[in-house]
Q: 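Handing you a structure now.
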Amino acid sequence: MELDTLNDKQREAVVTTEGPVMVMAGAGSGKTRVLTYRIAHLILDLGILPTNILAVTFTNKAAREMRERISSLTNENLKYMWISTFHSFCAKLLRIELDGYKGYRKNFTIIDSDDSIKIIREIMKDKGYDQKEYNPKTIHSIISNIKNLEPFVTKNIALKSCVNTVMDEYNARLIKENLLDFDDLIAVTLDMLKEYPDLLEKYQNKFEYILIDEFQDTNIIQYKLIKILANKHKNIFIVGDQDQSIYSFRGAKVGNIDLFLRDFKDTVQILLEQNYRSTNPILRIANNVIANNQNRIKKNLFTNNDSKEMPTYYRTQSSYDEVMFVIDKIKELHLAGYQYKDFAVLYRANALSRQFEDMLVRYQIPYTIYGGLSFFERKEVKDMIAYMRLIINQDDDFSFRRVVNEPKRKIGQSLIDKLTTAALENKESLFKAIDHISPSGIGYNNLIAFKFNILELNEFLNDDNTEFITIIDEILNKTGYLNMLQNEGEEGKDRLDNVLELKSVLKEAYEYYEGSKLERLSQFLYDLALRTDVDNKNESTDCIKLMTYHQAKGLEYRVVFMVAMEEGLFPSINCQSDEEREEERRVCYVGITRAKEKLYITNARNRFMYGTQQATAESRYIKEMGKENLNIIGNAPKQFLNTSANYQKKAKPMEVEEHNDIISTGDKINHKAFGDGLVVDKKGDIITVAFAMPYGLKKLLASHPSIRKI
């Protein structure tokens with residue numbers, strides 16, 4: 001087949017077919033092209049049967065695209081070629097071979113994590129374990145890690161006993177009901193191949209050539225499966241990038257690359273360093289940052305794209321100014337011909353999306369949360385909002401139903417049915433109907449406790465001596481929601497961050513609405529209902545993408561904004577060990593290399609987050625990029641300022657908000673919460689401003705710091 005379109009290193013990776021080959025493919029260096037051309041070369045030029053080739057990648061989408069590209073290159077029907085994910089490969093093998101092993105049958109059913117947790121919850125109930133002390137999700141996570149050959153180390157003897165008891169019963173129930181969970185697919189396959197030499201030899205002979213994509217993302221058990229299958233022919237080809245290994249929280253082991261080099265002695269190593277995505281100035285800072293990691297195979301990305309436009313760095317006065325800089329730049333570039341789908345805003349924590357969502361909605365710029373939910377659509381945020389609605393209005397049956405058993409209070413459906421009947425008979429809300437049902441069991445007692453919690457929270461909100469935003473803390477503590485999140489491990493930490501970010505939202509609401517605390521909260525929840533029901537829904541494909549760095553891996557955009565580049569946020573405050581710090585730096589590297597043409601790096605001197613105002617230090621990664629490689633503008637530290645004279649004049653109003661301008665009738669102003677508006681009346685220091693719907697006319701204090709004259 002024709003290989004002239006490949007560069008020298010790509011061609012070497014394609015034609016070096018015998019023995020172990022490891023390709024370290026830098027970001028944007030064409031690794032998928034190499035994989036597909038290599039398989040096509042094996043089939044067309046070497047005459048290898050497609051059924052003797054195994055290609056493994058990490059998503060079904062990637063496997064499907066790989067099959068389509070190889071079919072296009074070979075003009076062959078590859079229906080019977082094994083191109084799949086690890087789990088799909090194992091499921092296919094087990095459908096053929098699993099018959100009687102450990103009591104399993106071929107017609108097994110695969111269950112997902114929700115099904116697994118449900119079974120574990122039932123077992124824990126039967127065994128008498130307190131599910132508040134031992135969260136079923138946590139127990140499931142531990143069992144999953146054990147099945148993936150991750151050691152479970154704890155000094156808590158009671159927890160260890162619980163895990164062992166539940167795991168034994170869980171595995172026995174799966175076998176009895178002929179069920180396999182996702183972890184079992186690989187674990188049972190590996191156990192079978194080890195236990196039955198004839199079966200192992202059958203598949204070693206079948207898969208003469210093995211190719212593994214995204215090798216840096218493999219975990220221990222996946223590597224062991226690859227190793228045992230490739231041990232005979234040793235024609236194994238792995239492609240990946242140490243510098244993009246960012247999934248250790250999922251069990252990925254970047255150290256598997258070292259294991260591979262140890263186990264396959266004569267491995268040919270090939271570096272793909274020519275980048276086809278980004279400009280040289282962007283690659284320069286990417287190379288500088290990742291060079292600070294010690295445990296890596298060194299490579300240096302380069303490109304023939306010699307654009308002179310340096311990445312831009314802007315350190316703003318506040319997080320509001322940061323958001324407005326991003327909005328202004330998007331509007332400017334959109335007018336210049338960029339489509340909305342050309343932009344991505346990347347952040348380290350999901351909670352950081354909230355302010356950007358607010359402003360994108362306000363300026364009617366279409367956006368979507370890539371690979372996740374809008375801030376206000378996340379379950380934990382909706383739960384908190386439902387609690388607040390119920391605290392204000394105990395007749396809100398919809399909110400009552402959402403949170404009465406969240407977290408779990410053993411309030412079963414039969415008790416809810418009794419409550420519903422009592423509510424209908426007495427023509428009252430579900431909350432008030434609690435007084436009309438007969439006492440019965442622990443669920444009833446918990447329902448009474450829930451009722452008094454809501455009433456106490458209502459009193460708290462009406463107390464003039466309490467701070468408005470601490471209602472979130474009170475809900476978390478009184479309802480048990482905080483304890484529930486704390487028992488959910490890493491996922492719970494992320495969800496708790498989102499809940500705490502609601503304190504920032506409430507702080508803004510208190511400043512921008514009028515009346516008592518109860519009235520301000522009511523206005524906020526009313527406006528929020530309009531926003532979440534309509535404004536957040538966006539089916540347009542031409543829209544801004546908001547996402548975390550982990551969700552951005554594998555994607556590329558013409559324009560990328562890396563926001564909130566601050567110590568404690570990025571790198572995360574949770575990074576303690578050298579290994580964790582190196583992975584966090586790889587996350588930064590992934591973010592930089594998503595950008596094709598333009599890269600904007602921003603942070604704020606002061607950030608209001610999780611309900612508190614915080615002075616911030618800029619991320620260490622900015623220094624690692626090299627100040628000489630950045631176009632530093634606006635409110636950056638003086639020692640960093642360079643080629644920004646033109647922009648500084650334009651950006652000055654966003655640097656320091658000035659409130660001393662005399663505002664008169666007919667002036668245009670900008671309000672942090674309500675956007676742009678027109679002053680239609682002024683009496684003393686009180687102005688009446690016409691804002692776009694849904695805000696309409698608002699009476700405001702002209703000297704309020706949230707107002708800026710345009």
Side-chain angles (χ1 to χ4, degrees), residues 86-87 90 94 101-104 108-192 194-195 218-225 247-253 255-256 406-410 442 480-496 574 576-577 579-580:
F86 276 98
H87 291 96
C90 291
L94 292 174
Y101 181 69
K102 291 186 177 180
Y104 283 112
F108 58 85
T109 299
I110 301 171
I111 59 173
D112 61 19
S113 60
D114 287 341
D115 295 327
S116 295
I117 293 168
K118 182 179 179 182
I119 294 171
I120 288 171
R121 186 174 285 116
E122 292 171 357
I123 293 170
M124 293 179 69
K125 181 180 179 181
D126 292 342
K127 298 291 183 182
Y129 286 108
D130 184 349
Q131 295 186 27
K132 290 183 178 179
E133 183 177 2
Y134 303 113
N135 188 293
K137 288 185 178 180
T138 302
I139 301 300
H140 170 258
S141 177
I142 294 170
I143 292 173
S144 175
N145 288 340
I146 292 171
K147 289 188 176 187
N148 282 287
L149 306 182
E150 295 281 352
F152 173 50
V153 180
T154 179
K155 294 180 181 179
N156 188 329
I157 297 173
L159 173 61
K160 190 171 184 178
S161 174
C162 173
V163 170
N164 290 337
T165 300
V166 173
M167 183 168 63
D168 289 344
E169 179 64 27
Y170 172 71
N171 288 334
R173 187 174 297 188
L174 293 191
I175 292 172
K176 180 182 177 182
E177 299 181 22
N178 203 30
L179 305 173
L180 290 173
D181 63 24
F182 263 57
D183 302 311
D184 286 326
L185 291 173
I186 300 178
V188 172
T189 300
L190 182 59
D191 288 346
M192 280 182 60
K194 286 181 176 179
E195 203 165 318
T218 55
N219 62 20
I220 291 295
I221 196 169
Q222 289 165 343
Y223 175 69
K224 287 183 177 292
L225 178 63
Y247 292 119
S248 65
F249 64 93
R250 295 180 185 171
K253 300 292 183 185
N256 281 351
E406 191 64 51
K408 301 301 179 187
R409 299 185 174 91
K410 297 184 179 179
I442 190 171
Y481 208 97
L482 176 61
N483 186 56
M484 179 188 76
L485 294 180
Q486 288 175 335
N487 286 330
E488 290 182 0
E490 289 300 319
E491 179 186 352
K493 289 179 183 177
D494 192 39
R495 294 180 65 201
L496 180 58
N574 295 321
Q576 301 298 324
S577 67
E579 187 177 344
E580 289 171 333

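Just so it is clear, the model here is predicted, and its values are computed rather than measured. Starting from 1, each residue takes its place in the sequence as its number. Just the heavy atoms: all of them, side chains too, but no hydrogens, waters or symmetry mates, feed the values below.
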Q: Does the side chain of Glu150 come within less than 4.5 Å of Lys253's, by heavy atoms?
A: yes

Q: Could you check whether any side-chain N or O of Asn148 sits under 3.5 Å from a backbone N or O of Ile221, counting only pairs where one atom can act as donor and the other as acceptor?
A: no

Q: Determine the minimum heavy-atom distance between Lys147 and Leu174, stating which atoms define it.
A: NZ-CD1, 4.1 Å

Q: For Asp184 and Tyr104, what are the C-alpha separation, side-chain angles and deciding distance, and is it a side-chain contact (heavy atoms from CB on, under 4.5 Å)?
A: CA-CA 11 Å; Asp184 286 326; Tyr104 283 112; 4.2 Å; yes

Q: If you apply the rule side-chain contact (heavy atoms from CB on, under 4.5 Å), what do you find for Lys127 with Glu169, and how did you get there?
A: CA-CA 10 Å; Lys127 298 291 183 182; Glu169 179 64 27; 4.3 Å; yes

Q: Rounded to the nearest 0.5 Å, what's the gap from CG on Leu94 to CG on Leu180? Could you check?
A: 6.5 Å

Q: Show your working on side-chain contact (heavy atoms from CB on, under 4.5 Å) between Ile119 and Asp181 and close with a plain yes or no.
A: CA-CA 11 Å; Ile119 294 171; Asp181 63 24; over 6 Å; no

Q: What are the two closest heavy atoms between Glu488 and Asn135, and how far apart are they?
A: CG-ND2, 4.4 Å

Q: Within the structure provided, determine whether Ile120 and Ile143 are in side-chain contact (heavy-atom separation under 4.5 Å).
A: yes

Q: What do you reckon, is CD of Glu579 surrounded by more than 12 foreign heavy atoms closer than 6.0 Å?
A: no

Q: For the residue pair Ser161 and Tyr129, what are the closest heavy atoms and their distance?
A: O-OH, 4.0 Å

Q: Please give me the minimum heavy-atom distance between Arg173 and Glu122, naming the atom from each residue.
A: NH1-OE1, 3.2 Å

Q: Look only at the side chain of Thr218 and the backbone of Tyr223, and say whether a donor-acceptor pair between them is shorter than 3.5 Å.
A: no

Q: Tell me, with the steps shown, if Phe152 and Asn164 meet side-chain contact (heavy atoms from CB on, under 4.5 Å).
A: CA-CA 11 Å; Phe152 173 50; Asn164 290 337; 5.8 Å; no

Q: If every non-hydrogen atom of Asn219 is compared with every non-hydrogen atom of Gly251, which pair is closest and at what distance?
A: CB-O, 3.1 Å

Q: Nearest 0.5 Å, what's the NE2-OG1 distance between His87 and Thr189?
A: 9.5 Å

Q: What is the distance from atom CG of Leu149 to atom NZ of Lys224, rounded to the nearest 0.5 Å?
A: 6.5 Å

Q: For the residue pair Ser144 and Asp183, confirm or rule out a side-chain donor-acceptor distance under 3.5 Å.
A: yes

Q: Can you check whether Asp191 reaches Lys102 side chain to side chain, under 4.5 Å on heavy atoms?
A: yes

Q: Do Met167 and Ile146 touch side chain to side chain, with heavy atoms closer than 4.5 Å?
A: yes

Q: To the nearest 0.5 Å, what is the distance between CE on Met124 and CD1 on Ile139?
A: 5.0 Å

Q: Can you name the closest pair of heavy atoms from Ile117 and Lys137 and give their distance?
A: CD1-CG, 3.8 Å

Q: Got a second to check how far Leu179's CG is from Ile175's CD1, nearest 0.5 Å?
A: 10.5 Å

Q: Output the distance between atom CD (Gln486) and atom NZ (Lys493), rounded to the nearest 0.5 Å.
A: 10.5 Å

